[in-house]
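Worksheet for the structure shown next.
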Amino acid sequence: MPWSRNELAQRAARELQDGFYVNLGIGIPTRVVNYIPKHIDVTLESENGMLGVGPFPYPDQVDADLIDAGKQTITESPKASYFSSVDSFAMIRGGHIDVAILGAMLVSQSGDLANWVIPGKMVRGMGGAMDLVAGVKKVVVLMDHNAKDGSPKFVQTCNLPLTGAGVINLLITTLGVFEFRQQQAELIELAPGVSLQEITDKTEADFVVSTHLISVPY
Amino acid sequence: MPWSRNELAQRAARELQDGFYVNLGIGIPTRVVNYIPKHIDVTLESENGMLGVGPFPYPDQVDADLIDAGKQTITESPKASYFSSVDSFAMIRGGHIDVAILGAMLVSQSGDLANWVIPGKMVRGMGGAMDLVAGVKKVVVLMDHNAKDGSPKFVQTCNLPLTGAGVINLLITTLGVFEFRQQQAELIELAPGVSLQEITDKTEADFVVSTHLISVPY
Amino acid sequence: MYKFRDDEHVALKDLLFDGMTIMAGGFGLCGIQENLINALFVSGVCDLTVIANNCGVDDVGLGILLRRRQIKKMICSYVGENKIFEQQYLNGELEIEFSPQGTLAERCRAGGAGIAAFYTKTGVGTVIADGKEHKVFDGETYILESALKADLSLVKAWKADLEGNLVYRKTARNFNPVMATAGNVTVAEVEEVVSIGELEPDGIHTPGIYIDRIIEGRSNHKPIEFITTRNFPDP
Amino acid sequence: MYKFRDDEHVALKDLLFDGMTIMAGGFGLCGIQENLINALFVSGVCDLTVIANNCGVDDVGLGILLRRRQIKKMICSYVGENKIFEQQYLNGELEIEFSPQGTLAERCRAGGAGIAAFYTKTGVGTVIADGKEHKVFDGETYILESALKADLSLVKAWKADLEGNLVYRKTARNFNPVMATAGNVTVAEVEEVVSIGELEPDGIHTPGIYIDRIIEGRSNHKPIEFITTRNFPDP
């Protein structure tokens, strides 16, 4: 059975290590915060200018001067620091953030990411996504393995404008986990009960299968 | 009679206007601070990272964390702010400082400045001088008109490594004042009692004489 | 004292001209110049090129300038949820230049810091790289991005002293400090003006050299785009 | 807690190797890492390329590393008054690369900020421009300067919390914040370590993300190069 969206977030949380600085994108990635193991100390960055993002505020704590990159009201953790957009993206582009976890529209077999243009809708802009994928040490992408109409989202070539070319390190879909090395995808893990046959059938991208493939019967 | 070094500083102070942000070089330029008219509010910048340099400290105020670009102990004025070397030179290079007043070894007729290599001595480096002359809105140079051996210091071409090419806006020597426009020098003022003949004889550089030349009999 | 102005209209009056380029700090509706933007609206200045990370929403922030069609071109990273914007864009009345958020910030920094252009990895292999110079450093490809400057920069800070030294509050800092450096003239709107000497010199975010005029904002609504909260814990 | 180390020797021990590149903040003797530099001296690590604005004086700061001939090359803007330095340089034992002070700072910033290179006006028409790419923007000539990075950065701050958030004091800030960003590993020496939450989040100069290890300096002599004072006013 495929992973649920919460299980995607839970699987992504396993990529986090003690002391990591992490940027979480809008959507499913924000749920990762619920699955960070208690014994691990992770600092969340928000690209509008802070390190040490805390949980949502209680209703009487809401502060208009304290929002995250998704423009939602947040709180600060005790170790928080604030800085300008220039300093924030110097940090991102300079490779100081350990992991960025992002959503995707399409992913290509060479690790290209397309997540800023939604077909048929007006282009609203890439925000900080291009900077994040170009700069962060490890880019983890979470997405449904297929679109609602069943069409593959992990494809040979993205036919949507790219956010970054060959930038993805790890792709976690509802059916499995792919690692990218030298812009070559390798299937390393299957969601419980998902067969190699099933994931192959539902994928357009070429990929190799790890000799250490993790496969759990449901 | 030529201007004394204090009179050079006094003449340079006349270039300052209310609200100006000013960088003063080491040597004679530091004396300019003694001649700033009381009714004028000028903010001194030190390129090691502060605006609002105050006077030297009283002996019991000396603070090792508070020095100017000449590595001398100083104090802060009430409106002072501190910033990093990066931000300091962003300010300088970005053209935010109104005037820099500097010393010189040689000046050429096209406004080239040579002040970082002393002949016969080991090269110690240019420090922030190249950044200042490239970035500050108005560069004023103060120097003796001739070297100790009588040789001209305002020359056709500098035969010393340059600090900047065509960067000088105003040259104040012990004999007079030259303005540079389109890398062409124009004599606009003579020190009291100095004749056009005398300054011409003691200058190697080509210059034009202003139709509004200020000449005061001694 | 000479930097302080009585209100937003007085502060901007002689600085505005049709066709000018204006930078405005802010991220979404956080750290925007409510009063100065209102003065822009009232002035009717038009054919503006606006450089800002976003363009407000329909009735708030830079969005209000769209009602009088004052903006000709936006340089931004994300448009936001803005129906009038979408309409004017689809009608061809409004031009957009998208710049990735970090590149946008860095281009403004370059403008203020005397850097003409810089090489960045951001956008390599995307439409953003089209027509730009590519160069390889240490085996990696970078693209050349150029500086941005403005005729006028509008910034919002928490506090200012009369010298123009500014302190921002939390994430309302965002693009404000960098845009303060890249305007030919910079006007700051603050919540509180304090005496010289009240701000800690080590804690000043924008030195007064960058600020030409200051107003104390008359209204500080500080609207919030998305209020998200958690429940109070059980007692 | 995991960033704090007992002393300067423990903090550096496993990070040093011959031939490495080290950045060190400081301007003259102001804001230098007295204890960490001493640990470098004691370690005997050699063939160093050192990137710093200056090289201390004979017996203080980076100057002490010259006594054991640990430095192979200096990248700096000004050598300072240093007899041993002069001697080793004239003997050809020491290589110097001069970079204008602002260009040096900006090159370190580029290294830390993912900018491969940038165009600046500084140095155009001087020996600094020799062999560098020239390009005209808006009628003005600029030269291309490249990023600097280091295997190890040493910085001095006033206070740190255990997360590594740093606050500097007055002009001792200088090159320290930028060098904190450009080291593969960065070690901070501070005068006082405080608990998490004690530093004002809006007032932090270097966020902890840049700091890998922290020590509280055992000695803080803070020597002064030139003591200049004025006389007490007449009573």
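- Within residues 127-136 of chain D, the residues approaching chain B closer than 4.5 Å by heavy atoms are, in numerical order, D:Val127, D:Ile128.
- Relative orientation of the B:Phe154 and B:Phe180 rings is perpendicular, given thresholds of 30° and 60° on the angle between their planes.
- Of all the listed residues (D:Asn54, D:Asn82, D:Asn174), the one sharing the greatest number of non-hydrogen pairs under 4.5 Å with chain B is D:Asn174.
- In this structure, the portion of D:Ile224 lying under 4.5 Å from any heavy atom of chain B is its side chain and not its backbone.
- Of the listed residues B:Gly49, B:Gly164, B:Ser84, the one with more heavy-atom pairs under 4.5 angstrom with chain D than any other is B:Ser84.
- Residues D:Thr206 and D:Val155 form no side-chain contact, since every pair of their non-hydrogen atoms from C-beta on lies 4.5 Å or further apart.
- Aromatic ring pairs are classed by plane angle as parallel below 30°, tilted from 30° to 60° and perpendicular above 60°; the pair D:Tyr168 and D:His205 is parallel.
- Ranked by non-hydrogen atom pairs under 4.5 Å with chain B, the options D:Arg109, D:Lys121, D:Arg173 are led by D:Arg173.
- With a 4.5 Å cut-off on non-hydrogen atoms, D:Glu140 does not touch chain B at all.
- Of the atoms belonging to B:Val123, heavy atoms from both backbone and side chain fall under 4.5 Å from chain D.
- Within the 4.5 Å cutoff, the side chain of D:Phe27 has heavy atoms near those of the B:Lys71 side chain.
- Using modelled atom types and a 3.5 Å distance limit, the side chains of B:Ser88 and B:Glu45 yield a donor-acceptor pair.
- Proximity to chain D is limited to the side chain of B:Val62, based on heavy atoms less than 4.5 angstrom apart.
- Counting heavy-atom pairs closer than 4.5 Å to chain D, the top residue among B:Ile74, B:Leu162, B:Thr73 is B:Thr73.
- Between B:Leu132 and B:Val139, the closest side-chain pair of non-hydrogen atoms is not below 4.5 Å.
- Under the salt bridge (Lys or Arg N to Asp or Glu O under 4.0 Å) criterion, B:Glu15 pairs with B:Arg11, B:Lys138, not counting sequence neighbours.
- Put simply, the side chain of D:Lys159 does not reach to within 4.5 Å of the side chain of D:Val190, judged on heavy atoms.
- Taking B:Gly166, B:Gly128, B:Gly127, B:Gly70 one by one and counting their heavy-atom pairs under 4.5 Å with chain D, the maximum is reached by B:Gly127.
- If you check the side chains of B:Asp149 and B:Ser151, you find a donor sitting under 3.5 Å from an acceptor.
- If you measure heavy-atom distances from D:Ile96 to chain B, the contacts under 4.5 Å come from the side chain alone.
- By number of non-hydrogen pairs under 4.5 angstrom with chain D, the leading residue of B:Ala165, B:Ser85, B:Gly135 is B:Ser85.
- Residues D:Glu86 and B:Arg124 are in side-chain contact: their nearest non-hydrogen atoms beyond the backbone lie under 4.5 Å apart.
- Atom CD in B:Gln109 sits 11.0 Å away from atom CD in B:Gln183 (nearest 0.5 Å).
- With contacts defined as side-chain heavy-atom distances shorter than 4.5 Å, the pair D:Glu34/D:Glu189 qualifies.
- When each of D:Phe232, D:Phe175, D:Trp158, D:Tyr89 is scored by its heavy-atom pairs under 4.5 Å with chain B, the top score falls to D:Phe232.
- Residue contact with chain D, scored on non-hydrogen atoms closer than 4.5 Å, involves the backbone and the side chain of B:Leu66 alike.
- B:Leu16 has its side chain within reach of B:Val32: a pair of non-hydrogen atoms, C-beta onward, lies under 4.5 Å apart.
- Ranking B:Arg93, B:Glu47, B:Met50 against chain D, the residue ahead of the rest is B:Arg93, based on heavy-atom pairs under 4.5 Å.
- With hydrogens and angles left out, the side-chain atoms of D:Asn53 and D:Ser77 include a donor and acceptor closer than 3.5 Å.
- Of the two parts of B:Thr163, only the backbone, made up of N, CA, C and O, holds a non-hydrogen atom closer than 4.5 Å to a non-hydrogen atom of chain D.
- Heavy-atom distances place the backbone of B:Asp68, and not its side chain, under 4.5 Å from chain D.
- Heavy atoms closer than 4.5 Å to chain D are found in both the backbone and the side chain of B:Ala69.
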